[in-house]
Asker: 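First, the structure itself, so that you have it in front of you.
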Amino acid sequence: MIYLDNAATTPLLPDVITAISESLSANFGNPSSIHSLGRASSQIVRKARETVANALEVPSRNIIFTSGASEANNQALIGYALANKDKGNHIITTAIEHPSVLNTVQYLHDRYGFDVSFVKPKADGTFPASLIEENLRPDTILVSMMWANNETGQLLPVKEVGELLKQHQAVFHVDATQVMGKISVHPLDVSADFLSASAHKFHGPKGVGFLYYNEKLHFDALIHGGEQEEKRRAGTENLHSLVGLAKALELALESIESNYQAVEKLNETLLTKLEEQKISFYKNNFGPSMPHVLNLAFPNENHDLLLTKLDLAGFAISTGSACTAGTIEPSHVLEAVYGKNSEKLKENIRISFSEMNTIDEVNLFVEKLSSILKK
Ligand code: PMP
């Protein structure tokens, strides 16, 4: 199988597998136990936290480990909104966020009466910071925006939004899931008060991630119980996954530039090849985007059928987000740009790369795609 669905999840790197397996047999103590086995495990958690904190250039006490970006997003949004309702009742997010943000703020609206603005991109799909500025109100307490979109790779103006929020009481949550380990991610550079990520998007294990938080903020915990994570997230730590998360992050950072260039090359090769083969297509990548994602459409081709044919031919791609692909719902991201009834919602496929892909794989993909489309 040739894997071109890296925005959904990435394969574990061999060194990550080794680190996790070694830890599975070497460490089983509960990090909260005070005997030496417990202390050894607690050291591992501490080291993983330092790895993340060093990568983000923030103090390690400001990192909460979670079960992934979904939990980190829920923790930031619910935890902050409920603890700060007296400051205002308005939340802003974009219409193209991941469901773990969209459905969480919808829940805050439905159950707690928060007024939520879901800001759409412009008609050409671009998303200038002014769209957020226009929606800011004196009672806005929270703005949540992704750094890059998981369906199109589109980079959102997090730096500009962070800058304009400095003059405002609203705190800034950034979902960095699609950029962590791929470009330099420092919450302070974009003035983020909260920042979420998931290990399995950078060749780490699934079910583990983290939330950075600005310690000046007051927010509620989502999971109550023991005193782990400075009482901000109860439950015995996911020790072995944290070993994998830290290893994957270290490796990603070591080769961050060469990995990025390798992915850029894959992206360019694919587009050049499509043109060489005279395949008619258009891109759904709006404005500056991560090279890791190509959201392409082939006029009059049904994407579900195309995806199935490519799957049978040995290529793993998707039509959009893995979290919604199991349903027959059209992409909410493309819908925000093209409108509900557009035929364009049935044509797109998402090809997403990691540096583990090769130019040969891309060439094979285009050859197969071309023969499927010609039939
Ligand atoms: N945010 C974004 C932008 C994502 O791409 C994803 C994963 N598709 C998530 C949040 C949720 O991550 P997880 O499923 O690991 O909790």
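In listed order, ligands and their atoms are each counted from 1. Every heavy atom of this structure was used, including side-chain atoms; hydrogens, water molecules and symmetry mates were not.
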Asker: Indicate, as side chain, backbone, both or neither, the part of Met146 found under 4.0 angstrom from ligand 1 when only non-hydrogen atoms are considered.
Answerer: side chain

Asker: At under 4.0 Å between heavy atoms, which part of Ser198 makes contact with ligand 1: side chain, backbone, both or neither?
Answerer: side chain

Asker: With heavy atoms of Ser100 as the reference, note each atom of ligand 1 found under 4.0 Å away.
Answerer: 10 (C)

Asker: Using a 4.0 Å heavy-atom threshold (strictly under), name the region of His200 that reaches ligand 1: side chain, backbone, both or neither.
Answerer: side chain

Asker: State the atoms of ligand 1, each with its element, that fall below the 4.0 Å cut-off from a heavy-atom position in Thr177.
Answerer: 1 (N), 2 (C), 3 (C), 4 (C), 6 (C), 10 (C)

Asker: Does some non-hydrogen atom of Gly209 fall short of 4.0 Å from ligand 1?
Answerer: no

Asker: Tell me the nearest of Gly68, Ser70, Pro99 to atom 14 (O) of ligand 1, using heavy-atom distances.
Answerer: Ser70

Asker: Going by the rule ring pair (Phe, Tyr, Trp, His ring centres under 6.0 Å), which residues pair with Phe365 if we only count those two or more places apart in sequence or in a different chain?
Answerer: Phe315

Asker: Closer than 4.0 angstrom, basic N to acidic O: yes or no for Lys122 and Asp124?
Answerer: no

Asker: For ligand 1, indicate whether the residue Ala69 contacts it via side chain, backbone, both or neither (heavy-atom separation under 4.0 Å).
Answerer: both

Asker: What I want to find out is whether Asp304 reaches Lys346 closely enough, with some N-O distance under 4.0 Å, to be called a salt bridge.
Answerer: no

Asker: Thinking salt bridges, do Glu229 and Arg49 make one under a 4.0 Å N-O criterion?
Answerer: yes

Asker: Is the closest basic N to carboxylate O distance between Arg46 and Glu50 below 4.0 Å?
Answerer: yes

Asker: So is there a nitrogen or oxygen of Ser67 less than 3.5 Å from a nitrogen or oxygen in ligand 1?
Answerer: no

Asker: Does Tyr282, at its OH atom, have more than 12 non-hydrogen atoms belonging to other residues, nucleotides or ligands within less than 6.0 Å?
Answerer: yes

Asker: Could you see which bit of Glu71 sits under 4.0 Å from ligand 1, with heavy atoms only: side chain, backbone, both or neither?
Answerer: neither

Asker: When the side chains of residues 368-375 are checked against the rest of the protein, which donor-acceptor pairs come out under 3.5 Å, sequence neighbours left out?
Answerer:
residue : atom : partner : partner atom : Å
Ser370  : OG   : Gln277  : OE1          : 3.2
Ser370  : OG   : Lys374  : NZ           : 3.1
Ser371  : OG   : Lys368  : O            : 3.1

